[in-house]
Each structure stands twice: as C-alpha cells, then as structure tokens.
There are 2 protein chains.
Amino acid sequence: MTTLLDVARKAGVSKSTVSNVVRGVEFVSSETRVRVELAIAATGYRPNEIARALRGRSTTAIGIVLPDLRNPFHAEMTVAAERAANRLGYALLAANTECDPELEEETGRALIARRVDGVIIGGISLGSHLPKLLLDHGIPVTLASLGDHKDPRLSIVDTDDRGGMDVIVRHLFDLGHRKMAFVSQSLQEHAGERRRLAFSQSLLQLGLRPARSRQGATAIVAHNDMHAIAVMDELERQGIRVPADLSIVGFDDIPLAAHRRIGLTTIRSDATAIGGRAVELIVKAAQSGNLQSTREVFATSLVVRSSTGRVMV
Amino acid sequence: MTTLLDVARKAGVSKSTVSNVVRGVEFVSSETRVRVELAIAATGYRPNEIARALRGRSTTAIGIVLPDLRNPFHAEMTVAAERAANRLGYALLAANTECDPELEEETGRALIARRVDGVIIGGISLGSHLPKLLLDHGIPVTLASLGDHKDPRLSIVDTDDRGGMDVIVRHLFDLGHRKMAFVSQSLQEHAGERRRLAFSQSLLQLGLRPARSRQGATAIVAHNDMHAIAVMDELERQGIRVPADLSIVGFDDIPLAAHRRIGLTTIRSDATAIGGRAVELIVKAAQSGNLQSTREVFATSLVVRSSTGRVMV
DNA sequence: GTGAAAGCGCTAACAT
DNA sequence: ATGTTAGCGCTTTCAC
C-alpha cells in the first residue's frame, strides 16, 4: 500500500510537503503542489486513516448503538445517519445491543477501545449505564429518539412522545374508546417505558386510567409500529377483528404502516431527520470538544388509517 | 486514557511485559503477571485498538456494504453479521451504497483507507468494480447472497436462486399460470438481474417465455419480498385483487411475509445463516491471508401462503 | 523472564 | 516555501 513517503520520494519532496498538499495547507507553491498531486494520482495514494487516527485526536468514526436494526424505524435512522456521516467524512460502526445491559457494556468498551469520536444511541435498556460509561471516557453521546436522560453532557434529538401520545389518546377518545391498553415488546427498553408513561399521563388528563390488559380494552396502543403490526397479526389469528373488535395504534409511521393491507393508525416521526441531525450534533460535539446538554424535539403528527374505528357498544 | 506505559509504571515493569500479559504470551512469571493484572484492573486499561491496528497488520474491523439496510433481509443479515463479528472480536462498518456505482467506489476507497480486514458485500450494482477494487488492494471479499462473480479470489455465500426460481415457477405453473412476469426494483442491481435471468431459465424449461409486462400476466414474480409487498399494495390500490386477479410471489421470506394480512408466497432463504457464515469466511480469509475462490450455496424452500392462487379462466 | 529500542504512517511544531 | 524531527500507543525482535 502506498504511503506518504512513497509519494514524497516519487515527487522528490519531503513527507511534510505531501502532507501539506493532502491536507490542503496554504503554504505550498503551486509548482510543487502540482508535482505532488501528480505523484498522488500516479500511485493512487490515500492517507492511512489508522495512522491519522493514532497521530491525531480523531478517528473520524462514530458508533451507533441500537436495540434492533430489524426495526424499520431504526434501519431508517441508521441509513440517514450513515449518509450524513459519510458526507462529513465519518464512518459508522453499527452495534446491536438488544437492550441487553451486558452487551451494552461490552459494546461501550469496544467502542472506547476503538476510539470512536462519538456515539449515537438509538435505544438502550432501562437504566442503562452506557451513556455515562462513554461520557466518562470523554466520548460525546447523542440520544436519538430516546430523551429524558438527565446527564448534563448529553445531547438529545427527540421525538415528541408526550405530544404524540396526547394526540393518539384524544383520537381514540373521540372514537368513543374509554378502555385503552398499552403494550410494549419488552419491559427492559427505555423508549418503550417512556411511552408507557406518556400514555398514562395522556389518559389521566382525560380522567382515565390505563386498562390492565388487552382483555378489557377496546383499543390498544403499542410502543411502536413493529409491535403494533405484530399484535394486529396475533389478534386476527385469534379471530379478533381490527378495528371492528379492537382498535390498534402504533408509533413511528414506518413505511409499512401505510400499506393498504396494514393501514395502521400511528404517529409519524421522522427517522431520517433524527438520524441525520444526531450525526450533525455528535460531529459538532466531537470537533468542538465540549459536551453540553442539548435537547431538540421533533414534532410528530397523527396519521389516521384503518386500524382504528369507532367503538361498538 | 490509560496507556500501556501507565500500567507498566504502576506495576513497576516494562511496556513489553505488560504487552505480554495483555496478549497472554507464555513466558511471564506468575508473580509479575499478577502484579500487572492488578495494575490493569486498577486503571481499567484497555488496549488502544488504533495503535494495535497501526502496529500490527489487522484492524479487527470488517465492512459490510449493502444496497439498502431498510430491506429487512439485509437488516437481518447485518444483525447476524454483527453478532458473529462481535463474537470474533471484530467490529462492523456499515455502508449503504444504493447500488450507485460512484458511491460504491467511494465506499470502497474509504474502506481501504480505514484498512478493514475484509468486506462483506450483500448487494452491488450490475457490473460493479467494487469487488475487484478491494481485492486488488489485498482485502478479502465475501459476496453474500449475490453469487456468480467469477473472480478467483472471491468467496461466496449464496442462496440457491436458480433452484428457488424453479420451484416458484413450477408452483405457479401447477396453479394454471402460463403468463408470468418478473419485476424488480431496479435494473441496476446485481441480485435482481440474476433472479430475472433465473426466472427466464425456469420458464424456458417449461417451454414458456416471460410475459412482457404486468398487463398480460396472471402472475408476478418479484425479485424480493419487499418489492413484492410494494407491488401488492400498488395493484390493490388500482383495484386489482391478489390473488383473485393476479398472483404474486416474492423471494427471501422476510418476517413480514408471514403476516396474516400479507400472506406472501415466497422462497425462504436464511439471512441469519448467510450473514453469520459470511463473517466466518471473511475472518478466516483475513487471518490466513490467502484468498481462494469458495462457493457455498444455502438451500431454499417454497413457502406457499395466500398471495398465489389458481388462475381463473 | 524481562527490558530496550525500533518503527507502523501520519501530523505538527520547529528549523531553515 | 520546504525539510527535519518527535512522537501517537502499540508489538516485536533482540539483548541481557
């Protein structure tokens, strides 16, 4: 593999001159610049990012940790993050942690050992130590669609879960629903529990309490679309019709929710915007070196489709 | 951040001794070993992987390039790859290329600059130069679910597209279909075009030719489930009933295909197995240093659901 | 069994 | 405007 030295020799200059040309430093005579550029083109030289990383203070790599890449919302966020990262010259290290605290810890340590410049967290276990672990090692952390952490070094790009939940509950209420239940995939997940809380609060505003279980409920609110769609399937296999017998609402508005056969009423939140913005924030933090608490909330909106209906008395 | 030297000083030994302990080298007296281990525990030292990478010949990082992480088949493969990579101590660099030749090239160069130990390719453009680019730089490449490249340095973990297509076509034939059309998302994609070819060959065996377009066809075979499901939606929005008016078949058997409201007849192929195996192969190649042509084909099977039906005459 | 020293490829003072 | 040099943190001969 060609190195800086190879190019330098070929161009008959010193390493630093080549380095200066590569990095676009001002003080190089246009004559030598051309000569170096020719040598670079001839050899196909690209700086060794590993050496740069060791020497400099940056790996231009960021990590993204997610509970499950198979969730289209996360996949979409990751794609957006990857695109944004690329554009800024950063690579993305992907890690699935399945909300397993041990895996989260090990992932965190691996990310630290690899000296990533920052980490985007798109989902973690309830009470996870991952943000603190990373921050304590001086690594900037951005929480994406996962607000509510109180560390003052954290930057947060969030969805308006509270607002979204209010709108969902209001929508169901207006359809006559009074018994609504919340379901989530796992009690371990931070985001799911936050939405459960928001759900309870929204109900409370209308003087209602969450239904204990699906049995008594006329409507089910799932913590995300993936789960809502799975629940829909499960119910229908038991002969319960949606929305005739039971209404279902999701959260995220993944593309599939708009499929005519699914028609899931849900809350639209912009995974692409969140992923992209998370990268911008993490890169800014990495480059400036100061970690300050930041919180941006992306608006949500209700998309009414065919999975919710008027309650039958 | 603690370095080897910090630990060495703390333990009152030299850098090399600490290094020997860390790497589990034999010849260290158990006495000093303990002392060093204590110092490591006390400082929370973890080797700097960047320095290791620069010094050694390995970054213990592999790249995975995909056209679209939003495709559940790719997401699943990536999750499996990440898990396998993790287990072997490797990190995964994810890159979406959208089958754009320019992006592929740039991604390849970035991966080379980062000195990844190997690259798994889960999808590329037709006639892409990416495999050659990487291989020419000495980077092992494994094609996952994307066979048919003829470079002798390539290892391939493939799905049996030909076999799967035969079974699909036979299934449709048995249902009375004689006019079948193939649709794919993009003409640019390698895997899609390969399946198109397989489709034609399968038809030919039965003395049939592909239908020119959807119009004349009684059945549609899509190059993957994602596309099949999208087409299903599109058709039904036009008032065409599936399968009453038109049968649809996918390929991959993503989880959604089994959803009762979708019920997509498709070919099951094991994304998890493919992703995991691809990592094993790439790591083996990276560690042994020799690139030999290898081809493993994973069996497929037909899953008949409700998107295909007897043709109405 | 342990330590000293060279060097991976690069950047960034500092000298010229 | 260009060159020299000293490391970044680690592994790896090679002496002791």
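Values reported hereafter were calculated over all heavy atoms of this structure, with side chains retained and with hydrogens, waters and symmetry mates removed.
Among the nucleotides dA4(C), dG1(C), dG7(C), the one closest to any side-chain atom of Arg55(B) is dG7(C).
Salt-bridge annotation for Glu106(A) and Arg46(B): present, with a side-chain N of the basic residue lying under 4.0 Å from a carboxylate O of the acidic one. Comment: Glu105(A) engages Arg109(A) in a salt bridge, judged by a side-chain N to carboxylate O separation of less than 4.0 angstrom. Ion pair Arg70(A)/Glu98(A) not flagged as a salt bridge, since none of the NZ, NE, NH1 or NH2 atoms sits closer than 4.0 Å to an Asp/Glu carboxylate oxygen. Ion pairing of Arg295(A) with Asp158(A) is present here, as a side-chain N (NZ or NE/NH1/NH2) and a carboxylate O approach within less than 4.0 Å. Between Glu296(A) and Arg277(A) a salt bridge is recorded (basic side-chain N to carboxylate O distance below 4.0 Å).
Whole-Å rounding puts the Glu49(A) CD to dC8(C) P distance at 19 Å. Here dA4(C) presents its P atom at 14 Å from CG of Asn20(B), a figure rounded to the nearest Å. Rounded to whole Å, atom P of dG7(C) lies 21 Å from atom CD1 of Ile50(A). Atom CG in Leu4(A) sits about 12 Å away from atom P in dA12(C), given to the nearest Å. Atom C1' of nucleotide dG3(C) and atom CZ of Arg9(B) are separated by 15 Å, given to the nearest angstrom.
Residue side chain Ser16(B) reaches the base of dA4(C) through a donor-acceptor N/O pair under 3.5 Å, judged by distance alone.
Using modelled atom types and a 3.5 Å distance limit, the side chains of Ser29(A) and Arg33(A) yield no donor-acceptor pair.
The span of DNA chain D lying next to chain B, judged by atoms under 4.0 Å from heavy atoms, is bounded 5' to 3' by dG9(D) to dT12(D).
Within the structure, every side-chain polar atom (N or O) of Arg115(B) is placed at least 4.0 Å from both OP1 and OP2 of dG9(C). Contact between the side-chain N/O atoms of Ser19(A) and the OP1/OP2 oxygens of dC10(C) is not found at any separation under 4.0 Å. Between dC8(C) and Thr3(A), no contact under 4.0 Å exists linking OP1 or OP2 to a side-chain N or O.
If Ser14(B) and Leu54(B) are placed on DNA chain C by their nearest nucleotide, the residue sitting closer to the 5' end is Ser14(B). Each of Met1(A) and Phe27(B) was matched to the nucleotide of DNA chain C holding its nearest heavy atom; the match closer to the 5' end belongs to Phe27(B). When the nearest nucleotides of DNA chain D are assigned to Lys15(A) and Arg33(A) by heavy-atom distance, the more 5′-ward of the two goes with Arg33(A).
Of the listed residues (Glu102(A), His190(A), Glu104(A)), just one forms a side chain to side chain donor-acceptor pair (under 3.5 Å) with Ser125(A), and that residue is Glu104(A).
Base engagement by Arg23(B) is indicated by at least one non-hydrogen atom pair under 4.0 Å involving a base atom.
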